[in-house]
Structures are given as structure tokens and as C-alpha cells.
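Notes for the one structure printed next.
Hydrogens, waters and symmetry mates are skipped; everything else that's a heavy atom, side chains included, is used. Remember, it's a predicted structure, so these values are computed and weren't measured experimentally.
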Amino acid sequence: MHIRGDHAELVVGGRLDVRSAADARTVLHTAVDDGVGDLVLDLTGLDSWDATGLGVIMGAHRRAGRCGRRLVLRGVPPQMQRLLVATRLHRILAIEGGLVVESLPRV
């Protein structure tokens, strides 16, 4: 997993899973704490995430809210969109451009 960017936009690539969760959490929390306004998390290069990775994103979402910021997901890959729909987290998280609902299975 790799994350690059600043306190306004981060680009995530690779796998966001139990092995990379601690490092990802540190980078995300620092970005949230050091900035203002929306924090865009570009997931275009993300290959996969597991429950731990999803937990990291939800933790960053909650932390951003407490700091008066909003975490915005950009470029969510289709398989991860399905997971967000299945867990109903698409109703909580801000997703730039919305989901490609017509290609997702009904839950």
C-alpha cells in the first residue's frame, strides 16, 4: 500500500488491509488534523481492501467530522462500491460523483 498527497488530497494505491492499516491510519489522521475543508481520498489505484481497511476509512471519516471536515472518496473501484452498498456505508460516506448504481447488484 502507498499513500501520497497532503492535507487536502491523498492518493491511495495497492492494498488497504490488516498489514497496512496502522500506517494508513497514521497518514489519514495526520492529514485530517493538519488541514481544513474537504479531504479527498482518491482510491483509483486501490487494488483491494478488507474489513480492517474499511474500518480505517470509517475512522478517518469520523475523525474528519469531529474536526469540522468531510472525507470525500474519489474513484471508488466497482468491487469496493458493491461492498459500500452491501454494508450501507454508501449512505454515510461522501462519494464524489456518487456510485455507478446501475451496474451494482441490488442489496
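Note: Arg66 CZ to His61 NE2 = 10.0 Å, rounded to the nearest 0.5 Å. Distance check, rounded to the nearest 0.5 Å: CZ of Arg82 to NE2 of His90 gives 14.0 Å. Rounding to the nearest 0.5 angstrom, the gap separating the CE atom in Met80 from the CG atom in Leu73 is 11.0 Å. The CG atom of Leu16 sits 9.0 Å away from atom OG1 of Thr52, with the distance rounded to the nearest 0.5 Å. Between Thr30 atom OG1 and Arg25 atom CZ the span is 12.0 Å, to the nearest 0.5 Å. Here Cys67 contributes atom SG and His29 contributes atom NE2; the two are 9.5 Å apart, rounded to the nearest 0.5 Å.
One hydrophobic cluster holds both Ile57 and Val27 under the rule that ILVMFWY side chains link at heavy-atom gaps under 4.5 Å. The cluster map of Ile, Leu, Val, Met, Phe, Trp and Tyr, joined by side-chain heavy atoms under 4.5 Å apart, puts Leu54 and Val85 in the same cluster. Residues Met58 and Val32 share a hydrophobic cluster, clusters being chains of Ile/Leu/Val/Met/Phe/Trp/Tyr side chains in contact below 4.5 Å.
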Distance-only donor-acceptor hits, side chain of residues 39-48, under 3.5 Å, sequence neighbours excluded:
residue : atom : partner : partner atom : Å
Asp42   : OD1  : Thr44   : N            : 2.9
Asp42   : OD1  : Thr44   : OG1          : 2.6

Solution key, residues 92-99 side-chain donor-acceptor pairs under 3.5 Å, sequence neighbours excluded:
residue : atom : partner : partner atom : Å
Glu96   : OE1  : Arg74   : NE           : 2.7
Glu96   : OE2  : Arg74   : NE           : 3.4
Glu96   : OE2  : Arg74   : NH2          : 3.2

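Partners of Arg63 according to the salt bridge (Lys or Arg N to Asp or Glu O under 4.0 Å) rule, which considers only residues two or more places apart in sequence or in another chain, are Asp33. Evaluation of the salt bridge (Lys or Arg N to Asp or Glu O under 4.0 Å) rule for Arg19 yields Asp17 as partners, not counting sequence neighbours. With sequence neighbours excluded, the residues that form a side chain to side chain donor-acceptor pair (under 3.5 Å) with Asp38 are Arg70. Shown here are the side chain to side chain contact (heavy atoms under 4.5 Å, CB included) partners of Arg91, two or more places apart in sequence or in another chain: Arg88.
Here the rule is side-chain contact (heavy atoms from CB on, under 4.5 Å) with Trp49, and of Val12, Val56, Leu83 only Leu83 fits it.
Across all their heavy atoms, Ser20 and Arg15 have their closest contact at OG-O, 3.0 Å.
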